[in-house]
Amino acid sequence: MATLLQISAFLALLVLIQADDPSGFMSIDCGLPANSSYIDAKTRLKYVSDAEFIDTGEIKNISSKFKNKTSENQFRNLRSFPVGIRNCYTIRTPKGGRNRYLIRVSFMHGNYSGKALPTFNLSLGVDYWDSVVIKDADTRVTKELIHVPPLDYVQICLIDVGNGEPFISAIEIRTLDNSTYVAESGSLMLHERLDYGLAPNQTIRYPDDSYDRIWSHSAAPHLPIITSSNDSITSNVFAVPSLVMETAVTPKDLNQFLNFMWNIGNESESYIYMHFTDFIKTGKGEFRAMNIFIHGSYWYGPLVPKYLSDVTLYSTGVIRAPNGGKLNISIQRNDSASLPPIINAIEIYILKQFPQVQTNQAEIEALLNIKSSYKLTKNWQGDPCYPEKYLWEGLNCSYNNSSRQTNIISLNLSLNELAGEISSHISNLTMIRYLDLSNNHLNGTVPEFLATLPFLRVLNLENNNLSGIVPPALFERTKNKTLSLSVEGNPNLCLSEPCNKEKNKKYVVPLAASLGGVALVLLTGGAIFWSQKRRKKREKQISGSSNQGKTLLMPLDTMFSYSEILSITNNFERVIGKGGFGTVYHGYLHSSQVSVKMLSPASVQCYKHFQEEAQLLTKVHHGNLTSVLGYCDEDSHQGLVYEHMDNGNLADHLSEKSNHVLSWKERLRIALDAAQGLEYLHFGCKPPIIHRDLKSTNILLDRNLHAKLADFGFSKAFQLGDGAQASSAVGTPGYLDPEYTTTNKLSEKSDVYSFGVILLEIITGQAAITKSQDNTHIIKWVISGLKEEGIKKIVDPKLGWSFINSSILEFIDLAMNCVASSSTRRPSMTKVVMELKQCLDVLENSQVNNDELSYSLDWVSLGSLISDSNERQ
Ligand SMILES: *[C@@H]1O[C@H](CO)[C@@H](O)[C@H](O)[C@H]1NC(C)=O
Ligand SMILES: *[C@@H]1O[C@H](CO)[C@@H](O)[C@H](O)[C@H]1NC(C)=O
Ligand SMILES: *[C@@H]1O[C@H](CO)[C@@H](O)[C@H](O)[C@H]1NC(C)=O
Ligand SMILES: *[C@@H]1O[C@H](CO)[C@@H](O)[C@H](O)[C@H]1NC(C)=O
Ligand SMILES: *[C@@H]1O[C@H](CO)[C@@H](O)[C@H](O)[C@H]1NC(C)=O
Ligand SMILES: *[C@@H]1O[C@H](CO)[C@@H](O)[C@H](O)[C@H]1NC(C)=O
Ligand SMILES: *[C@@H]1O[C@H](CO)[C@@H](O)[C@H](O)[C@H]1NC(C)=O
Ligand SMILES: *[C@@H]1O[C@H](CO)[C@@H](O)[C@H](O)[C@H]1NC(C)=O
Ligand SMILES: *[C@@H]1O[C@H](CO)[C@@H](O)[C@H](O)[C@H]1NC(C)=O
Ligand SMILES: *[C@@H]1O[C@H](CO)[C@@H](O)[C@H](O)[C@H]1NC(C)=O
């Protein structure tokens, strides 16, 4: 520790002209009516309303009882946030980014709501700053930070943690000298700023303090105070006010120490700033010199304070509190000195990291400009892309973790009553791929800059009032099919000279047909261009994938190059699953989400007929199978692009972590959906497709909890080679047909076995390999549970008992049949589908009461299953 301390102190003696620049100040009174402002009586600083920095929240006055006691205007009113988890102020800093600011937020409740006092969180942008705990109605809570924002904006957010409505009274931003208060990395959060010798209940701030730091009285040790009789004290770069420096404390006795202790909390890393000035002109034989010890270790000294001139001693590295979280500073007389130690003021800060992943600034600005020019009332606040769960409505972002770049790739402002011209600010969304401005009242011409957006793939301008001619450059891009443009419903808009209004009635894009094929995908309102370059071009109408009436119109040839796959997945940025044959990534095909499964290199080697089979898969369409939208087969890169499902996979919904408990009926429906998908693979496809990697993570759910199987048919042509390598690539432990170990063959009945395991997961809520002490296989777990205590033991406790009727018995019976050790005893998927339908009928048509049920168990059939399953253990 001593070594750390020795190197980390620094003295500031430099004399500098004081900064006194209220133009670097910003004073916001939260809750002041819009467009109003006032000059504060004490500081003479102008406070403005917060209305232009935030769209949400409600203005409140504190109760009159507290109003009468409160002299400062800032605290008489406030803004409270009864709605929304996260509400943010976006404030342009007075001197732009990369400058050092003191940012102070204040809170005084004043019983404005008459309700209980809240606790909430504060964040700077997306990063946690501190918790705000309001202990009583008239205490002011302030949080202060010294911070260098990377961008021109700071975003101060209040986060409702479910413990009362957040509110805020004031926000103050002060520009500091950039060379002061420098932490090695990170920002400094104020812990204490004390002026020794200041009278109780007094504070010193602007205009005495040119940076408007607030200095307060130290209640700590009652030490004798000495005061300067001469006002002019020369300050250094820290510009501590004379008023603060002209008082100091000193021990009564020459040999006493000045000892101070602060509780800064375990694991806190602190920075300290000590300010000294001597008032006594040392004569002959008089001499003041002191040594500073931290946690008992020598830190700095001898330090000789200067006569009427400030010396600041500060740490250049962090000082950690030892166990117990106490910061202990002792100032001691140097043996040679004839005068006791003194100290005038001290500041203690805690280091705080703000990792600051943020969206590209020009894009944030563009969006804010778009918002204000169209007077959008959208609740666009905070960072557009962060936190990811609070993405701005109508946007999609791409996240590139390696370059820490986040960009807007999709903007949907359809049906937003936009009026006037197409905003030029859109030109700053340089990474945008999908832009939908349809169904608004936009007028004027289609601007040229749209053609310069390099990644734009879809532009929807339908049903506006646009006029003139579509810029030729834009139109050109539709011809080589790098852009899908929709302009229908703009009566005065022409595609090209000469103006032919007739042509305008339809989509423009089919011009691409001159190249041989229509490459167009229509998804819920938008038009998506399907980039495709190769091979025979045919058209096929493919029925909608969900019941929302989507129409998919796409070419059969859906081959992607590896570079297209890279762009779809943004360089394989987000892994959403791993399976026996490869890894599944999240991606965007223009603005639709997709899943991309890339085969592992081992699988690629073994895979003999990938392309044939992939083409086959693109033709498999069933309401309970995720659609294969395309594939990639380039060198050693083989992969499939699947439709994406909103609601994740079944395994997650069954797990403890899920915050939605699936009801019994939902579980039955999901089982039936999945069974129907599998039945179709086995009996509806020619040749039949064996799934081979069926598991609960491969059953995906849409927003209505309809289930679809994913990841099927990857291995029909997969040659199960002689090596262990190949067999390790087959299936997933826990789901693999036990017969496979002897026959080395997978059949439809192997899928049935895996499906049985899934049925058991559905009823028990356990994983295939249970999370219990000894990683028991679910079949063994169910059997021993049934033997010990019967059904109650195995049914997922999250279901409660309300659902129970004989449907559950049939279900368990069916599951046990599916997992029979001998494949010949397993039912076909057609049978499974029938039985599950029957279970659903039973559930829907019966109102068996629960008591009756426990007696009606069909132990005979369960008993026989148990003995069957026992054999193999
Ligand atoms: C504030 O001023 C702006 C422009 O000066 C005006 O549009 C707005 O209506 C005003 N708001 C209020 C509440 O007066
Ligand atoms: C707050 O008090 C001021 C005057 O004291 C009054 O004009 C204003 O209407 C009050 N605002 C609310 C929201 O009650
Ligand atoms: C607050 O002060 C005003 C006048 O200064 C007075 O009329 C009012 O009764 C006071 N309110 C309370 C709650 O003390
Ligand atoms: C202020 O200091 C920070 C580093 O502490 C530096 O990144 C920034 O560029 C400086 N700003 C100015 C305006 O000098
Ligand atoms: C706050 O107001 C409520 C109702 O208006 C009242 O019951 C309560 O006593 C007040 N609390 C304080 C601390 O004044
Ligand atoms: C609020 O802050 C606390 C303390 O850091 C943290 O544990 C909690 O998760 C935060 N809550 C929210 C909703 O951000
Ligand atoms: C300081 O304030 C407290 C409570 O607000 C009060 O009890 C005390 O008398 C005040 N002291 C002085 C010296 O004003
Ligand atoms: C376009 O719309 C704006 C706002 O509705 C209107 O002020 C302007 O006059 C319109 N321009 C034309 C050329 O119609
Ligand atoms: C685009 O962004 C740059 C840099 O932030 C800015 O200077 C420019 O004015 C912006 N252009 C438009 C049209 O908003
Ligand atoms: C498509 O056409 C546009 C405009 O003519 C041109 O800028 C672009 O490079 C072309 N792209 C391809 C892939 O041919």
Side-chain angles (χ1 to χ4, degrees), residues 29-38 41 47 49-51 54 56-82 90 92-93 96-98 108-115 149-153 165 167-170 358-376 384 405-408 411 413 416-432 435 437 439-454 461 463-469 490-493:
D29 181 344
C30 304
L32 198 65
N35 296 347
S36 49
S37 68
Y38 59 84
Y47 280 75
S49 157
D50 62 340
I54 194 155
T56 52
E58 294 171 5
I59 293 182
K60 300 281 178 182
N61 282 335
I62 62 171
S63 85
S64 55
K65 176 179 155 205
F66 293 101
K67 227 175 193 179
N68 283 9
K69 291 202 278 180
T70 304
S71 56
E72 285 111 316
N73 261 326
Q74 296 94 281
F75 295 102
R76 292 168 172 247
N77 41 38
L78 51 81
R79 185 174 291 267
S80 93
F81 300 96
T90 300
R92 189 183 284 271
T93 50
R98 317 238 103 240
M108 190 181 104
H109 191 271
N111 204 18
Y112 78 88
S113 57
K115 291 193 225 158
L151 306 179
D152 292 350
Y153 292 97
E165 291 163 10
F167 71 91
I168 185 165
S169 306
Q358 274 176 314
T359 305
N360 177 293
Q361 185 183 13
E363 296 181 13
I364 300 181
E365 271 190 59
L367 287 174
L368 292 173
N369 284 330
I370 291 166
K371 180 183 177 185
S372 69
S373 60
Y374 288 131
K375 301 192 169 56
L376 289 175
Q405 268 295 327
T406 299
N407 299 96
I408 312 296
L411 174 63
L413 291 176
N416 265 286
E417 305 276 316
L418 310 186
E421 304 209 327
I422 293 178
S423 167
S424 65
H425 299 296
I426 290 171
S427 64
N428 266 354
L429 301 176
T430 52
M431 303 299 281
I432 196 156
L435 178 61
L437 301 174
N439 300 301
N440 286 302
H441 316 295
L442 295 168
N443 63 14
T445 57
V446 177
E448 295 276 349
F449 72 75
L450 290 171
T452 65
L453 293 169
L461 302 174
N463 301 324
N464 278 297
N465 237 329
L466 297 164
S467 54
I469 292 164
N490 288 284
N492 301 316
L493 187 63

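Residues: numbered from 1 along the sequence shown. Because only heavy atoms are used, hydrogens play no part in the values below, and waters and symmetry mates are left out as well, while side chains stay in. Ligands are counted one by one from 1 in listed order, and the atoms in each one are counted from 1 as well.
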Of the choices Asp152, Ile364, Ile370, Asn428, which has the non-hydrogen atom that lies closest to atom 12 (C) of ligand 9? Asn428
For the side chain of Asp50 and the backbone of Arg79, is there at least one donor-acceptor N/O pair under 3.5 Å apart? no
Heavy atoms only: which of Ile62, Asn77, Asn61 is nearest to atom 1 (C) of ligand 2? Asn61
Under 3.5 Å donor-acceptor, Glu363 side chain and Ile408 backbone: yes
Nearest neighbour in protein (non-hydrogen) for atom 13 (C) of ligand 2: Ile59 O, 3.8 Å
Atoms in ligand 8 with a heavy atom of Asn443 nearer than 4.0 Å: 1 (C), 2 (O), 3 (C), 8 (C), 10 (C), 11 (N), 12 (C), 14 (O)
Would Asn439 and Asn463 count as a side chain to side chain donor-acceptor pair (under 3.5 Å) if you check the C-alpha gap in whole Å, the side-chain angles of each, and the deciding distance to 0.1 Å? CA-CA 5 Å; Asn439 300 301; Asn463 301 324; 2.8 Å; yes
Would you say atom 4 (C) of ligand 9 has a protein heavy atom nearer than 4.0 Å? no
Any donor and acceptor pair, going by atom type alone, linking the side chain of Asn360 with main-chain N or O of Ala362 inside 3.5 Å? yes
Please indicate whether Lys67 has more than 12 foreign heavy atoms, meaning atoms of other residues, nucleotides or ligands, lying under 6.0 Å from its NZ. yes
Please write down residue, atom name and distance for the protein heavy atom closest to atom 14 (O) of ligand 9. His425 ND1, 2.8 Å
Would you call Gly420 a ligand 8 contact, heavy-atom distance under 4.0 Å? yes
Any donor-acceptor N or O pair under 3.5 Å, side chains Asp29, Tyr38: yes
Under 4.5 Å between any side-chain heavy atoms of Leu429 and Ile370, yes or no? yes
With a 4.0 Å cut-off on heavy atoms, is Lys67 touching ligand 2? yes
Looking at atom 7 (O) of ligand 9, is any protein heavy atom nearer than 4.0 Å to it? no
For Ser424, the ligand 9 atoms whose distance to one of its heavy atoms is below 4.0 Å: 13 (C)
